[in-house]
Peer 1: 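A single structure is presented below for examination.
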Amino acid sequence: EISACLVGSEMCIRDRILTVVTVACLCAAGFQGWRWYQMKESTDAGVLYAQMIQASNMKDEARVQAIAGRLHESYASTTYAGMGALLAAHNAETAGKYAEAEKALKWIVDSDKYPELKPLASVRLAGVYLDEGKYDQGLTVLNAVKDAKGEEVPVYDRMGDLYLAKGDVAAARKSWEDALRLSLIHI
């Protein structure tokens with residue numbers, strides 16, 4: 001093959017250029033296919049999430065949980081799965097089903113897929129723990145996100161609630177003062 005390339009070097013160069021162009025075209029087609037797939041996944045998840053909102057508005061708890069499960073299983077790579085978990089947790093908590101709310105919120109808190117939802121889910125999970133009397137667990141969850149930029153105020157506010165419920169008035173006051181101080185910074 002080397003001697004053939006030397007003899008017909010013009011042919012070798014043309015073959016190599018054709019190979020490079022073919023590989024580039026295949027890469028571009030693969031990339032476009034991946035983008036189409038991601039867009040389709042997001043669109044399908046958005047439709048499910050819209051159905052979930054309708055079910056929530058109609059107080060159809062079973063349907064809300066079923067759709068949340070589908071989002072979790074089939075569309076976990078989309079933000080709609082995280083938002084669906086938040087909505088499912090809200091409905092479960094409203095219905096007094098704290099174990100279901102805790103499960104949905106922990107899924108977000110423990111996941112690295114939804115960093116934008118993690119502080120909110122942590123505050124809500126700490127609220128579930130507050131309602132259940134699990135104050136130390138709530139504080140542990142909040143301590144993990146207390147430095148989240150722009151989300152510190154609700155975290156410190158909920159920490160104050162937990163400390164007060166625990167009977168530590170001084171720590172509660174400090175948490176609320178920190179929340180107030182941070183809220184003035186963000187104005």
Side-chain angles (χ1 to χ4, degrees), residues 1-58 60-93 99-126 128 140-155 182 185-186:
E1 185 178 325
I2 293 175
S3 62
C5 275
L6 293 175
V7 172
S9 62
E10 191 174 300
M11 181 74 111
C12 262
I13 292 172
R14 191 174 19 179
D15 288 347
R16 287 186 180 153
I17 290 173
L18 183 59
T19 300
V20 168
V21 169
T22 301
V23 168
C25 288
L26 288 173
C27 287
F31 180 71
Q32 288 299 330
W34 176 247
R35 286 183 49 196
W36 173 83
Y37 172 77
Q38 286 179 316
M39 187 176 68
K40 183 180 180 328
E41 287 286 294
S42 184
T43 301
D44 292 348
V47 168
L48 269 179
Y49 184 69
Q51 292 171 359
M52 187 178 188
I53 291 171
Q54 288 175 338
S56 176
N57 290 339
M58 293 174 12
D60 188 348
E61 180 63 24
R63 189 159 180 245
V64 167
Q65 294 303 326
I67 293 172
R70 284 184 58 199
L71 284 169
H72 177 76
E73 291 169 15
S74 301
Y75 302 101
S77 64
T78 69
T79 303
Y80 289 109
M83 293 173 13
L86 284 174
L87 183 56
H90 170 74
N91 285 358
E93 190 175 1
E100 285 181 28
E102 180 180 346
K103 181 181 175 186
L105 293 168
K106 280 184 66 103
W107 181 68
I108 298 169
V109 169
D110 294 342
S111 174
D112 292 331
K113 294 179 183 177
Y114 315 103
E116 69 282 1
L117 299 177
K118 195 170 193 163
L120 173 62
S122 296
V123 169
R124 299 222 358 238
L125 179 58
V128 170
T140 300
V141 167
L142 293 176
N143 278 318
V145 295
K146 70 180 181 182
D147 296 325
K149 293 288 184 210
E151 303 293 335
E152 304 97 335
V153 175
V155 170
L182 289 165
I185 291 172
H186 294 296

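Keep in mind the model is a prediction, meaning the values are calculated, not measured.
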Peer 1: Hey, are the side chains of R124 and L120 touching, using non-hydrogen atoms and a 4.5 Å cut-off?
Peer 2: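 Answer yes - side chains close enough.
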
Peer 1: Please report the closest heavy-atom contact between V155 and K146, naming both atoms and the distance.
Peer 2: CG1-CA, 3.7 Å

Peer 1: Could you grab the distance from atom NZ of K106 to atom OG of S122, nearest 0.5 Å is fine?
Peer 2: 10.5 Å

Peer 1: Give, for atom CG of L71 and atom OG1 of T79, the distance between the pair rounded to the nearest 0.5 Å.
Peer 2: 11.5 Å

Peer 1: So which heavy atom on A92 is nearest to which on A101, and how close?
Peer 2: CB-N, 3.7 Å

Peer 1: Keeping E93 on the side-chain end and N91 on the backbone end, is there a donor-acceptor pair under 3.5 Å?
Peer 2: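 Absent.
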
Peer 1: If I take atom CG from residue L48 and atom OH from residue Y80, how far apart are they, to the nearest 0.5 angstrom?
Peer 2: 11.0 Å

Peer 1: What is the distance from atom OG of S56 to atom CZ of R63, rounded to the nearest 0.5 Å?
Peer 2: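 One finds 11.0 Å between OG of S56 and CZ of R63.
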
Peer 1: List the steps, then state whether side chain to side chain contact (heavy atoms under 4.5 Å, CB included) holds for L117 with V109.
Peer 2: CA-CA 8 Å; L117 299 177; V109 169; over 6 Å; no

Peer 1: Do you know which two heavy atoms are closest between G84 and Y49, and how far apart they sit?
Peer 2: N-CE1, 3.7 Å

Peer 1: Going through the checks in order, is the side chain to side chain contact (heavy atoms under 4.5 Å, CB included) test met by L86 and H90?
Peer 2: CA-CA 6 Å; L86 284 174; H90 170 74; over 6 Å; no

Peer 1: Which heavy atom of A45 sits nearest a heavy atom of T78, and at what distance?
Peer 2: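 Taking every non-hydrogen atom into account, CB-OG1, 3.6 Å.
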
Peer 1: Please give me the minimum heavy-atom distance between E41 and S74, naming the atom from each residue.
Peer 2: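 Minimum heavy-atom contact is OE1-O, 3.5 Å.
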
Peer 1: Measuring from atom NZ of K40 to atom CG of D44, what distance do you get when rounded to the nearest 0.5 angstrom?
Peer 2: 3.5 Å

Peer 1: Which atom pair, heavy atoms only, marks the closest approach of L125 to E102?
Peer 2: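 Reported closest heavy-atom pair: CD1-CG, 3.8 Å.
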
Peer 1: In Å and rounded to the nearest 0.5 Å, what is the CD1 to CE distance from I108 to M83?
Peer 2: 10.5 Å

Peer 1: Pick out which of E100, M52, R70 makes a side chain to side chain contact (heavy atoms under 4.5 Å, CB included) with Q65.
Peer 2: E100

